[in-house]
Amino acid sequence: ETNSTLFLNESFSGTTICNTERPNIPHTSFYYRLEEKLIASGFFENHHIDTIFLFGGTNDSWIDSPIGDIDNINFDKESLKQVLPAFHYIVKRLKSVSPSSNIVVVINSEIKPSIQDGFASICEKLSVSYIQLQNIHKQNGHPNKQGMSEIKEQIITAILS
């Protein structure tokens with residue numbers, strides 16, 4: 001509907017933004033995949049990406065990952081185990097490794113308000129676009145078929161406006 005081509009879907013079910021590892025899915029955090037998979041492999045050096053969608057935080061909210069502080073910009077090992085410092089790091093890092101990309105953060109509905117508000121504040125601070133999802137139909141916390149269509153429609157409406 002946008003005449004776009006999906007170049008890469010780097011999603012992994014059950015992952016977190018921060019490095020609060022889950023024993024059954026180690027090394028799948030957004031931080032780890034960005035640094036150890038994409039950047040380390042030269043992905044951003046070898047590809048021009050127009051738009052990067054960053055959609056996460058749901059699992060951090062569900063498993064009670066430590067939230068942290070939006071102003072924590074030390075980005076040390078301990079702070080990257082917290083949602084907001086890790087998210088801040090990821091957005092800054094994406095901006096540095098792919099400076100010509102349009103980064104769009106998608107903030108899920110029905111997650112902890114501290115995560116939603118923190119993501120929005122960080123996006124504003126770093127001049128990154130974000131979409132706050134509203135009224136998504138879900139089953140057991142996950143978007144159902146109608147909810148997936150609603151997410152698509154909200155993203156298309158936001159990026160085309």
Side-chain angles (χ1 to χ4, degrees), residues 6-41 43-44 47 49-136 138 141-143 147-148 150-152 154-155 158-159:
L6 176 63
F7 187 79
L8 174 69
N9 180 353
E10 182 55 44
S11 60
F12 195 97
S13 179
T15 63
T16 56
I17 293 283
C18 63
N19 272 340
T20 302
E21 291 195 30
R22 299 173 81 171
N24 58 338
I25 50 172
H27 307 301
T28 59
S29 72
F30 280 55
Y31 168 84
Y32 182 85
R33 286 181 289 137
L34 175 62
E35 285 296 336
E36 303 299 327
K37 185 173 181 187
L38 297 175
I39 293 173
S41 72
F43 176 81
F44 294 102
H47 301 94
I49 306 299
D50 295 322
T51 305
I52 298 171
F53 291 100
L54 182 59
F55 186 8
T58 301
N59 292 307
D60 297 275
S61 182
W62 287 356
I63 69 167
D64 289 324
S65 294
I67 303 296
D69 182 353
I70 65 168
D71 295 320
N72 183 350
I73 55 172
N74 295 325
F75 305 133
D76 60 16
K77 187 175 180 176
E78 287 307 307
S79 66
L80 292 173
K81 291 181 180 178
Q82 301 168 19
V83 179
L84 299 180
F87 176 78
H88 190 160
Y89 175 87
I90 290 164
V91 174
K92 280 185 78 165
R93 191 75 164 116
L94 283 170
K95 286 183 72 159
S96 73
V97 298
S98 193
S100 63
S101 296
N102 177 29
I103 299 170
V104 179
V105 172
V106 181
I107 304 173
N108 204 358
S109 60
E110 300 174 27
I111 61 174
K112 291 179 180 178
S114 57
I115 294 176
Q116 290 180 6
D117 296 343
F119 284 7
S121 294
I122 291 166
C123 287
E124 289 167 5
K125 185 176 196 173
L126 298 177
S127 300
V128 169
S129 302
Y130 68 93
I131 301 163
Q132 174 62 65
L133 297 178
Q134 304 290 325
N135 304 316
I136 303 298
K138 297 179 180 181
H142 293 281
M148 296 299 271
E150 292 162 346
I151 291 170
K152 175 199 63 134
Q154 290 180 37
I155 289 172
I159 63 173

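The figures that follow rest on heavy atoms only: side chains count, while hydrogens, waters and symmetry mates do not.
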How close do Ile136 and Glu110 get, heavy atom to heavy atom, and via which atoms?
O-OE2, 4.1 Å

Just checking, is any N or O donor in the side chain of Ser79 or Asn74 under 3.5 Å from an acceptor N or O on the other one?
no

Heavy atoms only: give me the nearest Ile70-Ser121 pair and the separation to one decimal.
CD1-CB, 3.8 Å

Heavy atoms only: give me the nearest Ile67-Lys112 pair and the separation to one decimal.
CD1-CD, 4.2 Å

Say you draw a straight line from CG of Leu54 to CZ of Phe119; how long is it, rounded to the nearest 0.5 Å?
7.5 Å

Mind telling me whether Trp62 and His142 have parallel, tilted or perpendicular rings, with 30° and 60° as the class edges?
perpendicular

As an exercise, state the distance from CG of Leu34 to CD1 of Ile90, rounded to the nearest 0.5 Å.
6.5 Å

Please round to the nearest 0.5 Å and tell me the distance separating atom CD1 of Ile49 and atom OG of Ser98.
6.5 Å

Over 60° means perpendicular and under 30° means parallel, so tell me whether Tyr89 and Phe75 are parallel, tilted or perpendicular.
perpendicular

Does any pair with a residue in residues 86-108 pass salt bridge (Lys or Arg N to Asp or Glu O under 4.0 Å), and if so which ones, sequence neighbours excluded?
Glu35-Arg93

Report the distance from atom OG1 of Thr15 to atom CD1 of Ile17, rounding to the nearest 0.5 Å.
7.5 Å

With no hydrogens and no angle check, do the side chains of Asn19 and Ser29 hold a donor and an acceptor under 3.5 Å apart?
yes

Are Phe87 and Val91 close enough that some pair of their side-chain heavy atoms sits under 4.5 Å apart?
yes

Given 3.5 Å as the limit, does a donor-acceptor pair link the side chain of Ser65 with the main chain of Val83, or not?
no

Does Arg33 count as lying over the ring of Phe30, i.e. NZ or CZ under 6.0 Å from the six-ring centre, within 45 degrees of the axis?
yes

What I'd like to find out is whether the side chain of Tyr130 reaches to under 4.5 Å of the side chain of Glu124, using heavy atoms alone.
yes

All side-chain hydrogen bond (donor to acceptor under 3.5 Å, both in side chains) counterparts of Asp71, not counting sequence neighbours
Lys125

Can you give me the closest heavy-atom contact between Val104 and Thr51, atom names plus distance?
CG2-CG2, 4.0 Å

Asp76: salt bridge (charged side-chain N to carboxylate O under 4.0 Å, His left out) partners, not counting sequence neighbours
none

Looking only at non-hydrogen atoms, find the nearest pair between Cys18 and Asp60 and report the distance.
SG-OD1, 3.3 Å

Could you give the distance from OG (Ser101) to CG (Leu94), rounded to the nearest 0.5 Å?
8.0 Å

With rounding to the nearest 0.5 angstrom, report the CD1 to CZ distance, Ile107 to Phe55.
10.0 Å

Looking at Gln132 and Gln116, would you say the former's side chain and the latter's main chain have a donor-acceptor pair under 3.5 Å?
no

Closest non-hydrogen atom pair, Glu10 against Leu38
CG-CD1, 4.1 Å

